[in-house]
Participant: 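Please see the structure below; I have some questions.
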Amino acid sequence: MEGLADYIARNYSGKVVEVGVGWNFSASDELEARGLEVVRTDVRKTRDDVLVDDICNPRLEVYSDASLIYSIRPPYEVQICILRVAEAVGCDAIILPLKGEIVEGGRLVSWKGSSFYIFTPRSRKAHRER
């Protein structure tokens, strides 16, 4: 997760949203320590600063003004919802998938030992047009 947090901190600013944080706060805590405004979401409250929200039935105001929505190992059906919300609010999305899972339409990035997919508004448009 260290590589993912470093990449995000170097390439994004302002508000970022982690979807499905669960009990793993390492990336979001690192991003906060590096000066980003981090909004943590999950379908259940796992810590006081976690907002309860279902990304597949989202409250868009949670994600508005974000420069990035990211998620660590989300199920495939949740990945689709993340990309829909990122498109709706006009920000990038980063998905660090489960091992062997292929995320379509994103650009694979390997950074300091972490591999993840980046989806920009342009890459999502190109994927829809295929």
Side-chain angles (χ1 to χ4, degrees):
M1 300 322 152
E2 210 172 288
L4 174 65
D6 184 67
Y7 183 89
I8 292 170
R10 288 173 182 260
N11 291 282
Y12 295 90
S13 61
K15 177 180 170 181
V16 298
V17 181
E18 180 170 348
V19 172
V21 68
W23 294 98
N24 184 352
F25 300 98
S26 59
S28 62
D29 287 348
E30 175 64 24
L31 292 172
E32 228 170 33
R34 293 181 68 173
L36 279 84
E37 174 191 350
V38 179
V39 176
R40 298 164 181 88
T41 69
D42 205 300
V43 293
R44 66 191 180 290
K45 193 129 186 113
T46 55
R47 195 166 84 175
D48 286 342
D49 60 351
V50 173
L51 293 177
V52 175
D53 192 63
D54 179 356
I55 190 72
C56 294
N57 187 21
R59 293 177 291 137
L60 288 179
E61 65 271 11
V62 171
Y63 308 91
S64 66
D65 300 324
S67 61
L68 174 71
I69 298 171
Y70 73 97
S71 189
I72 299 168
R73 295 188 290 274
Y76 183 75
E77 60 275 8
V78 172
Q79 294 174 21
I80 294 166
C81 296
I82 291 167
L83 297 179
R84 285 184 186 142
V85 171
E87 183 172 22
V89 299
C91 71
D92 289 358
I94 291 180
I95 296 175
L96 191 154
L98 292 165
K99 289 200 181 289
E101 188 172 40
I102 298 171
V103 179
E104 295 178 15
R107 178 173 55 92
L108 179 62
V109 172
S110 292
W111 186 266
K112 295 187 177 183
S114 292
S115 294
F116 44 87
Y117 290 86
I118 297 177
F119 299 82
T120 63
R122 192 169 69 200
S123 72
R124 287 192 302 272
K125 181 179 180 208
H127 178 67
R128 279 194 319 273
E129 292 172 351
R130 284 189 212 159

Participant: Is there side-chain contact between Ser28 and Val21, with heavy atoms separated by less than 4.5 Å?
Facilitator: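 Counting from C-beta outward, Ser28 and Val21 do come under 4.5 Å.
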Participant: Determine whether a donor-acceptor pair (N or O, by modelled atom type, separation under 3.5 Å) exists between the side chain of Thr46 and the backbone of Gly22.
Facilitator: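 Yes.
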Participant: Should Pro58 and Tyr63 count as side-chain neighbours, where that means a heavy-atom distance under 4.5 Å?
Facilitator: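 Yes; the side chains approach each other to less than 4.5 Å.
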Participant: For Tyr117, check side chain to side chain donor-acceptor pair (under 3.5 Å) against everything at least two apart and list the hits.
Facilitator: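 For Tyr117 there are no side chain to side chain donor-acceptor pair (under 3.5 Å) partners, ignoring immediate neighbours.
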Participant: Test salt bridge (Lys or Arg N to Asp or Glu O under 4.0 Å) on Asp65 and Lys15; report intermediate values, then the result.
Facilitator: CA-CA 7 Å; Asp65 300 324; Lys15 177 180 170 181; 5.7 Å; no
Participant: Would you check if Ile82 and Phe119 make a side-chain contact, meaning some heavy-atom pair closer than 4.5 Å?
Facilitator: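 SC-SC contact between Ile82 and Phe119 ruled out.
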Participant: Taking the side chain as every heavy atom from C-beta outward, state whether Phe116 and Ile8 have any atom pair closer than 4.5 Å.
Facilitator: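 The answer is no, as the side chains (C-beta and beyond) never meet within the 4.5 Å cut-off.
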Participant: If hydrophobic clusters are built from ILVMFWY residues whose side chains come within less than 4.5 Å, do Leu108 and Ile80 share one?
Facilitator: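 Different hydrophobic clusters.
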Participant: Could you list the residues that satisfy salt bridge (Lys or Arg N to Asp or Glu O under 4.0 Å) with Lys112, not counting sequence neighbours?
Facilitator: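 Salt bridge (Lys or Arg N to Asp or Glu O under 4.0 Å) check on Lys112 returns Asp6.
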Participant: What distance separates Thr120 OG1 from Leu68 CG, expressed to the nearest 0.5 Å?
Facilitator: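 The CG atom of Leu68 is 11.5 Å from OG1 of Thr120, to the nearest 0.5 Å.
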Participant: Between Thr41 and Glu18, is there a donor-acceptor pair closer than 3.5 Å when you use the side chain of the first and the backbone of the second?
Facilitator: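 At least one qualifying donor-acceptor pair exists.
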Participant: If you count every heavy atom of other residues, nucleotides or ligands that lies below 6.0 Å from Asn11 atom CG, does the total exceed 12?
Facilitator: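 Yes, CG of Asn11 has more than 12 neighbouring heavy atoms, counting only those of other groups under 6.0 Å.
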Participant: Among residues at least two apart in sequence or on other chains, which ones pass salt bridge (Lys or Arg N to Asp or Glu O under 4.0 Å) with Asp49?
Facilitator: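 For Asp49, the residues satisfying salt bridge (Lys or Arg N to Asp or Glu O under 4.0 Å) (neighbours in sequence not counted) are Arg40, Arg47.
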Participant: I'd like to know if the side chain of Arg34 and the backbone of Arg10 have a donor-acceptor N/O pair within less than 3.5 Å.
Facilitator: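 No; zero donor-acceptor contacts below 3.5 Å.
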Participant: Without swapping roles, check the side chain of Ser67 against the backbone of Gly14 for a donor-acceptor pair under 3.5 Å.
Facilitator: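 Answer holds: no.
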